Amino acid sequence: MDNIAIKLLFTLLGLFIVLNWGLIQAGIMNKIVARVGKRIGMPVYQPYFNLIKLYSKRTSITHGVMFYLGPLFRLSGGVGMFLFMPLIFGSEYWSNFSFAGDVVLILYFQFFGMLGMALGAGEGGHPYSAIGVSRGLSQWTTIELPLTLAIISIAIQYHSLSFTDIVAAQQGGITHWTMWTNPLATAAGMLAFLGTMGHSPFDLVKAPNEIPIGPPTEYHSTFLGVLRTNAAILHVVESVLFMNLFFGGATSWFELILKTFLIYFWSVFVGVVFPRFRIEQSVSWFLKVPLILGILAIIFI
Amino acid sequence: MVRKFLIFILIASFSVIFINLYQNFKGQDKLNDLSTYYAENEPQELGAQNLVTSIVVTYRGFDTLGEVTILFLAASIIGFFLKIKESDKQKKRDLRKTSEILETASKILVPLIFLLGVYVFANGHLTPGGGFQGGAIMASGMVLLLLANPEKNVKHSLFSGIESISGFTYVILGLLGIYFAYGFLDNRVLPLGQFGNIFSAGLIPLIYTFIGLKVGSELTNIVGNLKETQKETE
Amino acid sequence: MVAPIYIITIPLGIAFLIGVLGKSNKNIGGMFMLIALACMSFVSAQWFISFMTSTQSPVYIYTAGFKPPFSINLLMGLNEAFFTLIINIATLLGAIYLYNNLKKQGTNAMSVFLGFAMALNVMVMTRDIFNLYVFLEIASVATAGLIILEQGLKSTSAGFKYMIATGIISSILLIGIIFAYNYSGTLNIDGLIEANIGILKGGAIAIFLILIAIVLELKPFPANGWALDVYQGADSGIGAMISAASASASLYVLYKLFAIAGESWYPVIAVLGIITFIASNLFGLKQTNSKRLLGYSSIGQIGLLITVLGLSPYLGDKFEFIAVTLLISHYLAKAILFWISGIVKAENIKNWSNLRKKPLLVALFGTAVFLLLGFPPFPSFFGKWELVMQLANSGQFAWMTAILVGSFFEGIYLFRWFGYTLKLDNKELPEYKMKLNKIIPPAIFGVAAYILGYYSGTFVDAAKGLDYIPLLFIAFIALINFLPAWVKNSISLTGVILYIAVIFPEFDGDLLRQIFAAIFLGGAVLALFAGFYSKGKRSGFHVVTLAMFAGLAMLLKADNLLEIFYAWELMTIGSYFLLIRGKKSMPHGYSYMMFSLGGSYALIFGFALAFVSFGNLDLQSLSGITIYPTLAYSLMLLGFMTKTASFGLHIWLPGAHGEAVVDIHFMASAILLKAGVFGIILVLLGMGTEASYAKYILYTLGWIGAISALIGNIAASFQESAKRLLAWSSIGQLGYIVFGLALMSHLGWMAGIFYTATHFLYKGVLFLTIGGIALKLGTPYMYRMGGLIKKMPFSFIAVLIAIITLSGIPPLVGFAGKWLFYNAIISQGLYFQGIVVLFSGIVAFLYLFRLIYSVFLGQLKDEHRNVKELPLCLLIPIYILIIAIMIISARPDFILKPIGNYLLAYFPSGALNWNGTMASTGLGYWDGYWVMIIVGVMFTLLFGWLLILNSKSKKVKQFNMVYAGEKPFRPETTHMSYNMFSGYNKALGFFMMPGVTGFWNWMSDILHDTANYFRRIYSGNGQSYAIHIIAYIIIIYLIVF
Amino acid sequence: MILNITAVFLCIAILVMAVIAVIHKKLVIAIIASGVVSLFASIIFLLLAAPDVAMTEAAIGSGLTTIIFFYVLNKIRKESNG
Amino acid sequence: MEYISLITGFIMLMIGLWGILSQKNIIKIIIGFTIFDTAINIIIISIGYISGRTAPILDKAVPVKDAVTKIVDPIPQALVLTSIVISLGVTALMLAYALKLHKYKNTLEINKFKDLKW
């Protein structure tokens, strides 16, 4: 890490790649979901058009400072997670600023975005946004539980909380991946992944046809644009997180793209099959199967 | 009924305690050392013939002081406790005329009783008797008078006057004991005088007269108070 | 030196003289009485001083000029001088108090009073047993007379019952005396001691009769129905005389006659005393008549003194000190309480709230209550401490528990009563005026209590270190209570700052105490500064706040167990008065006091075990307790955990803090709870980890911490009132700290201490802002607030920063605590407790959002249109705390490094190793400084980018919500803060059943039902009381022989 | 010897009187019985060679106590039907 | 001789106690008390009695020098003097109480005065 400037350049480049890959991935996934429903579905580059449309809007209204800063918090949450996440194992340039924090930092950074969105929606003044936020938060707390259990069991297994060590320990073939050596933790983790992605069984909060109920009720034009860019980045970074933890990280960009696609595909695959949960159902569901898996993961390391 | 039975059991077990108390009580054959001391050198020290009086007045004079205060307290408590409210004083009561015999008998008997009372506490140190007995006799004389003519009332101020003065002089006599003799209530303030005649045994007769006066007036006070409240209700 | 005989002759002579004065000139009679009593007190004072100062040997007074066996003699030794002095002072002040009553009854009553005083003196001084009987009889006749001073059915029937009872008792005494004379041949007490007639069966029974009569005179439990009626029936002034003067006289008589009884009697007396103490205090629970309750309490205290007498072989040389301090405290407290009840004349304890019309009376009432229960500045504190220590020293743990349980019962009804006085409204209660002669005696005794408290402190060697400057400063503030609040505020502020300057250098070596000193005293400065918001007088507030902070400062400065306990109790008093100030805070203040009382008794038990196993009182004795170590450590932890409101002991906190005003809320939560943490640290440092029992205790402590964290956070998210939400969240945070400490590892303690410091910072911000807003809007309920961001931007920013820190979101300092916890849990291996703690950390996010959303965001209510920003005096302390948070967030190593070095001494392994600003443990690494910079830079870049994109968005009015469904028209409908997490509640609601409150209510119900059932024994029938006396004698006889 | 026989008679008499004083329904009889009890007691004191005490007991015990009792009884009966 | 009086004193004690505890009427209770006190006085005197001896008056019958072998123990007699007068005072006070109690509730039953309880 001879000097910060080069590192900054590579991080920006990485961010650009991740943003594009996020949008393309979203487009592909929509296409697949449509195909499953025997529909043609919108073109793969549709997300690009959405972004361009949103950013080119001339008028926008704001309900106050916090409303204005809400999407900003959200975006900085997504970008922040990206900054502290080592993308490519072994390469000096692609490990972004991961020297500053370990898994715990990433785990708690997720809240940063959550908080921003919640406060912004709250400022909006519309009651439906508050309902959406309270639902999102309650669901989120129970999602975190199996994830924390999984991370702790990994930490016990690899005696370390830093990404580089965890990924290093998983190098050398499928059999070294955590998925293989610690299947219970991976199962708990992947179930929690469903919750984080916000796809079908747990998408009550940001469900497309429930816009009026979800948190971004009042957001429009540039604000919505910022939210959509963050959504793209966040999905990729989340899948990179799970990749590093459970599927042996990536030694090259191609491996990263392939693995993130497959991980993301897992949540879409489940999303298509299962109907939407109500809040009580999702909260109690998370406290049943994933929780038990997490506990077992810790007991049987 | 159960309560009575319970009390009976209580008393039975109480008597068990006393039986054990008597267990090693053996009749005394000779005086214990305390009373032998009194018997031997009481005549030289105090010069009173009646041993009991000497113990009561001097040796254990402090008890008698306490004793007198009890009566004094009882009298004053009854005094302010049964106080007659001013409003009831005027109510007259229908008097039953006392019988003829009582009236005339009391005229003769009362002076005799007073004389006996004075005699008893005058030479308390010679013959049995003393302040308390003399005072009680005087009080019974007064009661006889009250019975004889019920409409007359006890002059409380007079009797409480006598009572206080005699009490006060009793305390002063005690204090004199400290200055002139060896201790509080010691009777060697006055000369012991010739053993057996009226003016012997130092202060004892003097103290006993004052006790007699005090007890007499106190008891009359008590009876008077009880009698007066009677008026209150008629 | 005036001859002691004058103590007897003066009152007698004047009593007779007054009789002469008759009814006419009562005033002169009154004057004479007072002069007589004054002379008596002067003589006994003269003797007492000469005994205390010069080496005056005891003096025998021979009546009738003959040596003792042949005549009655009186003794004037040190004990006699002391007892006659307290009796004469009590009767003198009692006479002043009763002057009008006595005058109304005339000179007879005055001479009876003089007779009463004289009789008590002689009872104390006489060495002849028959003389003792006579003067005991005088005293009972005089008391019977004084009872009916206030004519009435109640007093007459009480007097009659008294006459029956004392008649039987004195006859039994007479029988005992006669048979003792018959066996020993002498009536003199010294003669009886030598004659030792105990060996004979009959002689032993004679002594039994004498002693049982004296014990009956002291109103032992089953046979004291008559005494209670006397206390209830008689005039309060007389009640004071009986409970203060005649009780001490009979106690001394029992002590005097004890020499005759010999060794076998000690356990019997102790058992009788403890039964009386516990039973009468237990019955006090259900009592509503004030005078009868005072009767129960004084009988209980006498029972305690009898127990102390009975346990004297175990108390060694400390016996005199304990007996005197406890007697003096009972004597002063009971006299004050009876005199106040005479002034306020309220039958039911509920309408004692009438007392508040005269603040002096409330102060006196408080002094008496705390004096009785043995709180710091008073002599009974030292007495009770020495009692427990000596009992522990001789291994009498059963006795210790019995005494502590008894005084806990007493604490229950006394504090309930005090709570009624402070809080119930007294509009419609009758007006009363405080005549001068009625207020002087209690005032004198009140002042005497404090002076004697200080004086008795000098006797206890462990208490040498206590510095009394803060207490003097508090007394000074108490005097200027009439000044307006801001004047007092500034004086106390300067006082605290000066005190910090004085004591802070003392801690320079010891970092732990420095942190806690910063929290306590820094918090004090901020709280007092925030106190400027209140207008008006705020009477009593500053005295009490300074008492709390003095207690906290002393807690840090303490270097032995006594000073810790002293500071702990002082702090409890201060905090009780603070918490009770809230409008509806009576039940909560009461439950707070109950928990802290129970906690302090557990504490003193633990300290006693530590003292015994180590030999002396300094702090090292906490480590390596050998006798019942598990019990000692768990009791001490329990004691300290009452203050940190951990699970099971937490039910007082939400109510107490929910009702407190803004700066009190800040003091109570941010500062007071840390005192408990400091205590736990001391105990855990002492306990160490290697002992077998230690593992077990630490495991349970860990679970308690974890569960209280979970319960605290989940409960907080369901609260409707903002202040209760914060109170529950403090329970959660304290649960964190307790869990951290229970880990007993370097990282665990680092996390715990770091959390204590940061909790003070961000919770301070939250309390001050939310408290200020609740004060401004007049309601703590969140669903009535909303949209305040427009009106109070600064407080919004402060709360936002506090929320980010509390939930542990990275850039700010909260994350450091979470990170430390993560590493500590994984390295320590306590996974399941760890999971519970981490889960509750995440749940914390719920109520934080609810707090900030319902207070600041959403729609602004119509009535809050003209609400202005928080007053400056609140904002300044808030922003000081904010700046502190920011500094520590940027450079967390400013605090973490010193803590690390400090903890190395205790936990060498598993320390944080630093390079530059990056902290790394065996597991992970974290660099606060770089995280702060990266997030900062990124945030500003994105903010700039958003500004460029969206600079032209225009602000819209409140209801312009076009982008979603239909348009709501009134602000109420657009506020969704009521029952916010209902979904969550349905899923996890079962977990939140109020189990613990149910448990504690069930416990107190049992106590009250037993009390109600057993007190039926006092059926009111004089005859049955006589039966109880006889039965009592028989039972004791059967036990003894 | 005769001394003991008289003492025994006296004691039986005093006990009988005491029982009457305590048990009897009518108050007047009870009070008179208690007066007689203290009279017999003073005689017993004489037998026990205690002249002082005998005189006191006679004067105070049987004399004044009984009078006080009668006064009080009289007043109570007057008040109850008055 | 003293044995007989001791036993009578003891039995009288029990009768007095029975009077105090079982009788309902207040006057009866006071009578019980007087009997109780007289019994105690009898016991005290009988303790001091030495058979075959005369009263402790040193007049012609008892010359001073051989008083020690002739007189009975004087001390109990002194004590009884005090205790008789005490019992008088106490009884007078009790009767005054009885008077007042009667005035309030117009009855002499002890169990009618139960308003001070629990």
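Everything quoted here is computed from the prediction, not taken from an experiment. Chain letters run A, B, ... following the sequence lines, proteins first and then strands; every chain starts at 1.
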Side chain, backbone, both or neither: which part of B/Ile11 has a non-hydrogen atom closer than 4.5 Å to chain E?
both

Which atoms of B/Glu42 are under 4.5 Å from chain E, going by heavy atoms: the side chain, the backbone, both sets, or neither?
side chain

Per-residue contact mode, E/Ile84 against chain B (heavy atom under 4.5 angstrom)
neither

With only heavy atoms counted, which part of B/Phe81 is less than 4.5 Å from chain E, the side chain, the backbone, both or neither?
both

Report the option among B/Glu67, B/Arg3, B/Glu40 that has the most heavy-atom pairs separated by less than 4.5 Å from atoms of chain E.
B/Glu67

Atom OG in B/Ser54, atom CG in E/Leu58: separation rounded to 0.5 Å?
8.0 Å

So do E/Leu79 and B/Arg60 actually touch side chain to side chain, heavy atoms under 4.5 Å?
yes

Part of B/Leu73 within contact of chain E (heavy atom distance under 4.5 Å):
neither

Given B/Ile55, B/Val52, B/Thr53, B/Asp63, the one that forms side-chain contact (heavy atoms from CB on, under 4.5 Å) with E/Leu81:
B/Val52

Geometric class of the B/Phe8/E/Trp18 ring pair [parallel <30°, tilted 30-60°, perpendicular >60°]
perpendicular

Could you tell me which portion of E/Ile43 (side chain, backbone, both or neither) has an atom closer than 4.5 angstrom to a non-hydrogen atom of chain B?
side chain

Under 4.5 Å, counting heavy-atom pairs only, tell me which of E/Asp73, E/Val72, E/Leu13 racks up the most with chain B.
E/Asp73

Check against side-chain contact (heavy atoms from CB on, under 4.5 Å), B/Ile78 and E/Leu93
CA-CA 7 Å; B/Ile78 291 171; E/Leu93 199 57; 4.1 Å; yes

Is B/Thr64 close to chain E through its backbone or its side chain, or both, or neither, when contacts mean heavy atoms under 4.5 Å?
neither

Return the minimal non-hydrogen interatomic distance between B/Ile7 and E/Ser22, and the atom names on each side.
CD1-CA, 3.8 Å

Over all atoms of both residues, closest heavy-atom pair of E/Leu88 and B/Leu71
CD2-CD2, 4.4 Å

Chain B heavy atoms under 4.5 Å from E/Tyr3: which part of the residue, side chain, backbone, both or neither?
side chain

Heavy-atom closest pair (B/Leu126 atom, E/Ile57 atom, distance to 0.1 Å) is O-CG2, 3.3 Å

Can you check whether E/Val85 reaches B/Val215 side chain to side chain, under 4.5 Å on heavy atoms?
no

